[in-house]
Amino acid sequence: MEIQRKKNFIGKPSPLGYVAGLGRGASGFTTRSDIGPARDSTDMPDENAAPIVSKKKADDDEAEDLNESNYDEFAGYGGSLFTSGPYEKDDEEADEVYENIDRRMDDKRKERREKKFKETVEKYRQERPKIQQQFSDLKRKLAEVGPEEWASLPEVGDSRNKKVRNPRPEKFTPVPDSVLRSALLAGQTTTSVNPMDQFDGLTTPYSGLATPASGDLDLNKIGEARKSLVGVKLDQASDSVTGQTVVDPKGYLTDLQSLTPSSSGDIGDIKKARLLLKSVITTNPKHAPGWIAAARLEEVTGHTQKARNLIIKGTEACPTSEDVWLEAVRLQPVDLSKAVVAQAIKHLPQSVRLWIKAADLETEVTAQKKVFRKALEQIPNSVRLWKAAVELEEPADARILLTRSVECCPQSVELWLALARLETYENARRVLNKARENIPTDRQIWITAAKLEEANGNTPLVDKIIERAVSSLAANTVEINRELWIIDAEEADKAGSIYTAQSIIKTVIGVGIEDEDRKHTWLEDAESCAVHGAYECARAIYAYALKTFPNKKSIWFRAAYFEKSHGTRESLESLLQNAVKHCPKAEVLWLMGAKSKWMANDIPAARSILALAFQANPNNEEIWLAAVKLESENNEDERARRLLAKARMSAPTARVYMKSARLEWVLGNYAESKALLKESLSKYEDFPKLWMMKGQLHEEEKDLYEAQQAYRNGTKKSPTSFQLWILLARLEEKQGNITKARSVLEQARHRNPRVDLLWLESVRIETRGGNKDFAKSLMAKALQDCPSSGQLWAEAIFMETRPQRKTKSVDALKRCEHDPHVLLAVSKLFWSERKLNKAREWFNRTVKIDPDFGDAWAYFYKFELAHGTEANQKSIMERCVKSEPRHGEMWNQIAKSTKNWRKKTDEILPIVARTLKPVENI
């Protein structure tokens, strides 16, 4: 029999990475039980494991793969290029050197790497803390749990795979009558037994207990007995030794009042403050603020006498402290304060404040004078004491005192000026001269001297004094600050010293200004003076600027508008006469002069001014139209026709033709007006107002087809004129073509994007058609397209319901804070809510922001007619006439109507006010 040999691999460990059945296609895996504890599959093999033959060693003779696909940018080729030779000792030394270098570099980066790792872990733990960290605060609180609480914790049962059962429904069994009956019998006794109960088979007799009859139970008596029982117990408690509470109400309230401080501070804080202040005055008794603070603390807490005692001790500890003595005088009663202040003055005879306090304590003027005279004997150089003493004296005695005061205080400007005011003209001049000698660096003395000369009629000396003042101050190294001098000029203007103010302006207006900045700076100064109410100063600045720049039209315009607002008609006309001499090509100045004469009903003078304007500006359109307006407004229709005919011959423009057609229209000559419009459109077909006039003329004649054709042709020739599109849409709406009107406005918005009036007209068409929801959606789109349109916001406010209008008005004011349409809408909103004072305030704000807005004046006038006085109505009318408004939706409809073309502003305003809708219906 053949002996079976034992295989050489039996009983030996398997090689590293061996997987049973891998050759047969099995996909194995390595577990920890295969590689042992704390080992990875890539660890070095055990000593007993079979050595693994490297494929690279086995294929030494084969060529290495140096293809580009085997190359890695970081690690190089898959195999080393230099492993063909033997591994010698110098290679081993080189590897050790490199390994040492790597180890050293790794040690250098170790601290930074560990720090970075720690920060990363901390950040991660902050975002995702461990469960034990989340419950760390609760675990700390477990140290406070006692043994009893631990023992009372319930045991956790096995609740796995157990369904929550529905609790049994609670059963309510009615209580039997016998139980209720026995409850009623509880606590009651009786000495008799009903004999019938012994023989009643339904009841069981019992001794000592009986059932009362249904009417024998009295609940009121039970309640009274309970009250008496409670009263007895309380009396017993009050009479007991430990619980006796005998209280005197009056004494108790007195004790409470003595304990409660009068301040609202905490009692504990007051005690702490008292201890701190006591420490202060004990450790440093010479510290005056400590005594004052301690006394005021006691005063605040209601201990006035304690405060007085403290402050008296403070005066003893700090006898040279002025503040301590003043505090002591303040805390003492009136009868004792004089003695305290007298004692204070003995210690501090040079204290001005103590002398003034002593004078204030006196009730009679004679006693006060005596105090001040004693004070001046001690402190003769105190300006404050001299001023206080002078205020008590009569003018004659005051002059004597001031004469002495300037000797004692020669550097006081106020005393010198006060003395000059009390002296006669000659003596005042001497006083001011002495003041200039003693104080050569003060400008107020020079300005007072100029005012003195002006008041006495010596106006030629005023300019000399101011010029000498500037040169003298400059010689004494005093900076000439033009802003301060202008302020002095404004004060002189307001005080009535006009010539002095103008002289100051003329002298200092050009000081310290570069030549290229003069015009801009002077115009700003003039506006500033006008805002401050110093109109003569502003007039002087304009005069100086015009003298320096006589050919600047902008300065003439500003000066003319200033005279129109703050001057007289004579001053305006005088200024304009000089203006047209220096700037004859400025037609606005000519027109302002002609209008001023016209408003004064001096028609011949206005015509002569326009004639001179024609000579200086031949064939000027503005002057032609001004002359036509002058004649037509004064019922000189034939003269106006002739002027327009000459204008069409010599200066043919679209506006001239438009005015010509307009004149014939309002005079009733429709045929002539149509002919002029036809002629003008053949020359100026891109002028939109001509197409508007043609359409409106046909509308007035009820020829809607021709009006429609005129508007359509106008939109073709002038597609950017949104007024033509609006007129065409209104005409379509008038004919009942709502859909056509919508399409016209959509086309207009496409041609003219971001035009708020086109959106407004679309919204109003839907509102008039009853489509309020669609109108609101259109308004939302409009506000997105034109977010800063005041007209859209004003319309949106009144599209809301009444409770939501206030919120909408707030949003509108945020978007358009200074828009007159929004301000007018807010005014009407207050009016509708019957807040009349606020409505009047907002109406005033609206007309101040835009005086040219006629609708605001009309609503304001309507408001005053309903709720104002006759004086208010007259004031609004005068202000409106002065402003001459020219814009506004309702205003233009009335003012430009052919029926009202000759009416003035004071006639148009009531008509517009009557046309407006009442605010209750908005």
Side-chain angles (χ1 to χ4, degrees), residues 595 598-599 601 603 625-641 643-644 655-678 680 688-708 710-711 714 723-724 726-731 733-735 761 764 768 852-862 865 873 876-877 880-881 883-918:
K595 187 175 182 180
W598 175 26
M599 298 302 291
N601 294 323
I603 306 301
L625 295 180
V628 170
K629 186 176 181 180
L630 176 65
E631 301 299 341
S632 61
E633 292 285 343
N634 290 280
N635 301 326
E636 297 289 344
D637 299 331
E638 290 301 324
R639 293 174 68 103
R641 277 197 180 105
L643 284 172
L644 285 170
R655 287 188 66 199
V656 170
Y657 273 97
M658 183 187 71
K659 293 293 183 181
S660 301
R662 174 71 178 173
L663 180 62
E664 299 298 336
W665 182 8
V666 296
L667 293 177
N669 301 326
Y670 289 172
E672 184 66 23
S673 179
K674 290 178 184 178
L676 285 170
L677 286 173
K678 184 177 180 180
S680 61
K689 288 190 177 181
L690 294 174
W691 293 106
M692 291 182 207
M693 285 184 63
K694 184 178 181 180
Q696 290 171 342
L697 181 59
H698 285 297
E699 275 194 75
E700 191 169 325
E701 290 182 334
K702 306 300 181 182
D703 190 355
L704 301 183
Y705 176 76
E706 290 295 332
Q708 188 178 20
Y711 292 144
Q723 293 92 346
L724 273 171
I726 292 174
L727 289 173
L728 178 57
R730 287 178 182 175
L731 184 59
E733 184 187 8
K734 187 186 294 185
Q735 294 176 344
E761 190 63 28
R764 287 179 175 175
R768 290 192 291 265
D852 195 49
F853 188 29
D855 288 2
W857 288 109
Y859 270 109
F860 199 3
Y861 187 70
K862 188 180 184 69
L865 287 175
Q873 299 165 13
I876 297 302
M877 177 66 74
C880 181
V881 171
S883 300
E884 297 181 8
R886 289 290 181 269
H887 294 89
E889 185 178 0
M890 295 301 300
W891 185 272
N892 284 346
Q893 289 181 12
I894 302 300
K896 293 187 177 182
S897 175
T898 54
K899 300 177 183 179
N900 305 318
W901 74 285
R902 288 189 188 275
K903 287 184 170 58
K904 306 288 185 183
T905 305
D906 56 346
E907 298 172 323
I908 295 173
L909 181 61
I911 299 174
V912 180
R914 288 194 300 269
T915 310
L916 296 173
K917 293 181 181 179

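From a predicted model like this one, the values you see are computed outputs, not experimental measurements. Computed from heavy atoms alone, side chains included, the values below leave out hydrogens, waters and symmetry copies.
Between Glu907 and Arg902, none of the side-chain N atoms (NZ, or NE/NH1/NH2) sits under 4.0 Å from a carboxylate O, so this pair counts as no salt bridge.
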| Candidate pair Arg655 and Leu625, rule side chain to side chain contact (heavy atoms under 4.5 Å, CB included), full reasoning | CA-CA 9 Å; Arg655 287 188 66 199; Leu625 295 180; 3.5 Å; yes
| request: Evaluate the side chain to side chain contact (heavy atoms under 4.5 Å, CB included) criterion for residues Trp891 and Leu909: first the C-alpha distance (whole Å), next the side-chain angles of each, then the deciding distance (0.1 Å), finally the verdict. | output: CA-CA 8 Å; Trp891 185 272; Leu909 181 61; 3.9 Å; yes
| said: Using side chain to side chain contact (heavy atoms under 4.5 Å, CB included), reason through Gln696 and Leu727 one step at a time and then give a plain yes or no. | reply: CA-CA 9 Å; Gln696 290 171 342; Leu727 289 173; 3.9 Å; yes
| request: Output, in order, the C-alpha distance, side-chain angles, deciding distance and verdict of side chain to side chain contact (heavy atoms under 4.5 Å, CB included) for Glu633 and Lys904. | output: CA-CA 9 Å; Glu633 292 285 343; Lys904 306 288 185 183; 3.7 Å; yes
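Of the possible donor and acceptor atoms, none in the side chain of Asp852 sits under 3.5 Å from a partner among the backbone N and O of Ser883. In terms of modelled atom types and a separation under 3.5 Å, the side chain of Trp857 and the main chain of Pro885 share no donor-acceptor contact. Without hydrogens or angle criteria, Asp855 side chain to Met890 main chain gives a donor-acceptor distance under 3.5 Å. Put simply, the side chain of Arg641 never gets that close to the backbone of Ser660: no donor and acceptor are under 3.5 Å apart.
For the side-chain contact (heavy atoms from CB on, under 4.5 Å) test, residues two or more places apart in sequence or in another chain that qualify with Leu865 are Tyr861, Gln873. For Tyr711, there are no ring pair (Phe, Tyr, Trp, His ring centres under 6.0 Å) partners at least two apart in sequence or on another chain. Scored by the side-chain contact (heavy atoms from CB on, under 4.5 Å) test, Arg914 finds Pro910, Ile911 as partners (sequence neighbours excluded). Checked against side chain to side chain donor-acceptor pair (under 3.5 Å), Glu884 has the following partners two or more places apart in sequence or in another chain: Lys595.
The two residues His698 and Ala707 come nearest to each other via the heavy atoms CB-N, 3.7 Å.
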Side-chain donor-acceptor distances from residues 667-676 under 3.5 Å, at least two apart:
| residue | atom | partner | partner atom | Å |
| --- | --- | --- | --- | --- |
| Asn669 | ND2 | Glu664 | OE1 | 2.8 |
| Tyr670 | OH | Glu700 | OE2 | 2.7 |
| Ser673 | OG | Ala661 | O | 3.0 |
| Lys674 | NZ | Glu701 | OE1 | 2.6 |
| Lys674 | NZ | Glu701 | OE2 | 3.2 |

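Gln723 places none of its side-chain heavy atoms less than 4.5 Å from the side chain of Lys689. Lys734 places none of its side-chain heavy atoms less than 4.5 Å from the side chain of Arg730. Between Gln735 and Leu704 there is a side-chain heavy-atom pair separated by less than 4.5 Å.
Residue pairs meeting the salt bridge (charged side-chain N to carboxylate O under 4.0 Å, His left out) criterion with at least one member in residues 887-901, sequence neighbours excluded, are Arg764-Glu889.
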